[in-house]
Amino acid sequence: MHFVDAWTSLPPFEILLLLAPAALVVVSLLIPGRAVARTLALALAGVVWVMPGLDPAGVRAAWCGIWVLVAIVLDRGAPRDRSTGARPIGFESGFVALLLGSALFTLIVVAIGRQDLPAEPTRHASVGFLLVASGVAHLMLRRDARRATMSFAILGFGLQVLERAANAATLEGAGVPPAAAAVATAITVLLATRTATVRQRDAGSAWVSQAHDLHD
């Protein structure tokens, strides 16, 4: 199978470098807690420097800055009020998010496997779609408005990897600046931070389930 050959032809260390960001994102998806999210965001800031396919250096620097920004935003958030207890809707939304993300990624991987792409774009496309699917699941699973900054950063990073895969698979570039995805993601993260700050100030909590008294 072409998809399997694209991965098995790569040395194990290079596979590790390519999959490291996606692995950290999956960990943030499965393990709750802002402390974990902050640590993983800082780890992602370091991993982008060694991940293949993020040239030029300005793009790497931009994504390093975005992940540091996400870590700062998560650090400034107030802790959750645990007195209210867990709500059943959290389990339901999490279960749906995991199913949706898994189904989305499986369908895309099957579609990529059917394409006769070179090995490098195949690898980057699969990693990019894994990041996008994880970002969608993360956005549904984490009900803290401040945690949405990490969800949007994951989605944007996935689009950045997909953009590099698309450029490698075509003879002519699409004319999109290399840092376009990073700039758009940074703006989105800042807007999400503003929204979370307003929700925290006016509703007393950035948690969506605890902000039902906020009327926009």
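We use all heavy atoms of the structure for the numbers below, so side chains are in, but hydrogens, waters and symmetry mates are not. In this text the structure is predicted, and so the values were computed from the model without any measurement.
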Kindly write out the residues that satisfy side chain to side chain contact (heavy atoms under 4.5 Å, CB included) with Thr8, not counting sequence neighbours, or none if the list is empty. Val4, Asp5
Would you say Leu42 ends up clustered with Leu24 if hydrophobic residues are merged whenever their side chains have heavy atoms under 4.5 Å apart, either directly or through other cluster members? no
Taking only residues two or more places apart in sequence, or in another chain, which ones meet Ala37 in a side chain to side chain contact (heavy atoms under 4.5 Å, CB included)? Leu74, Arg147, Met150
Closest non-hydrogen atoms of Ile154 and Leu131, given as atom of the first, atom of the second and distance, are CG2-O, 3.2 Å
Which value, rounded to the nearest 0.5 Å, describes the distance between Thr188 atom OG1 and Leu155 atom CG? 9.5 Å
Residues passing the side chain to side chain contact (heavy atoms under 4.5 Å, CB included) test with Ala45, sequence neighbours excluded, are Cys64, Trp67, Val68
Rounded at 0.5 Å granularity, tell me how far CZ in Phe157 sits from CG in Leu54. 5.0 Å
Heavy-atom nearest pair, Pro21 first then Met51, reads CG-SD, 3.4 Å
Check: Pro52 and Arg164 side chains under 4.5 Å, non-hydrogen atoms: no
Mark yes or no for whether Arg60, through its side chain, and Val48, through its backbone, hold a donor-acceptor pair below 3.5 Å. yes
With a 3.5 Å distance limit and no angle check, can you tell me whether His138 reaches the backbone of Ser134 through a side-chain donor-acceptor pair? no
Residues sharing Val183's hydrophobic cluster, by side-chain heavy-atom contacts under 4.5 Å among ILVMFWY, directly or via others? Ile187, Leu191
To the nearest 0.5 Å, what is the distance between CD1 (Ile15) and CZ (Arg123)? 8.0 Å
For Ala22 versus Leu130, what's the shortest heavy-atom pair and its separation? CB-CD2, 3.5 Å
Quick one: hydrophobic cluster around Leu16, which other residues, with the 4.5 Å side-chain cut-off, linked directly or via members? none
The reported gap from CG in Leu139 to CZ in Phe152 (rounded to nearest 0.5 angstrom) is 5.0 Å
Applying side chain to side chain contact (heavy atoms under 4.5 Å, CB included) to Val189 and not counting sequence neighbours gives Leu69, Val70, Thr149, Ala153, Thr185, Thr193
Ala182 versus Gln160, closest heavy-atom pair with distance: N-OE1, 3.6 Å
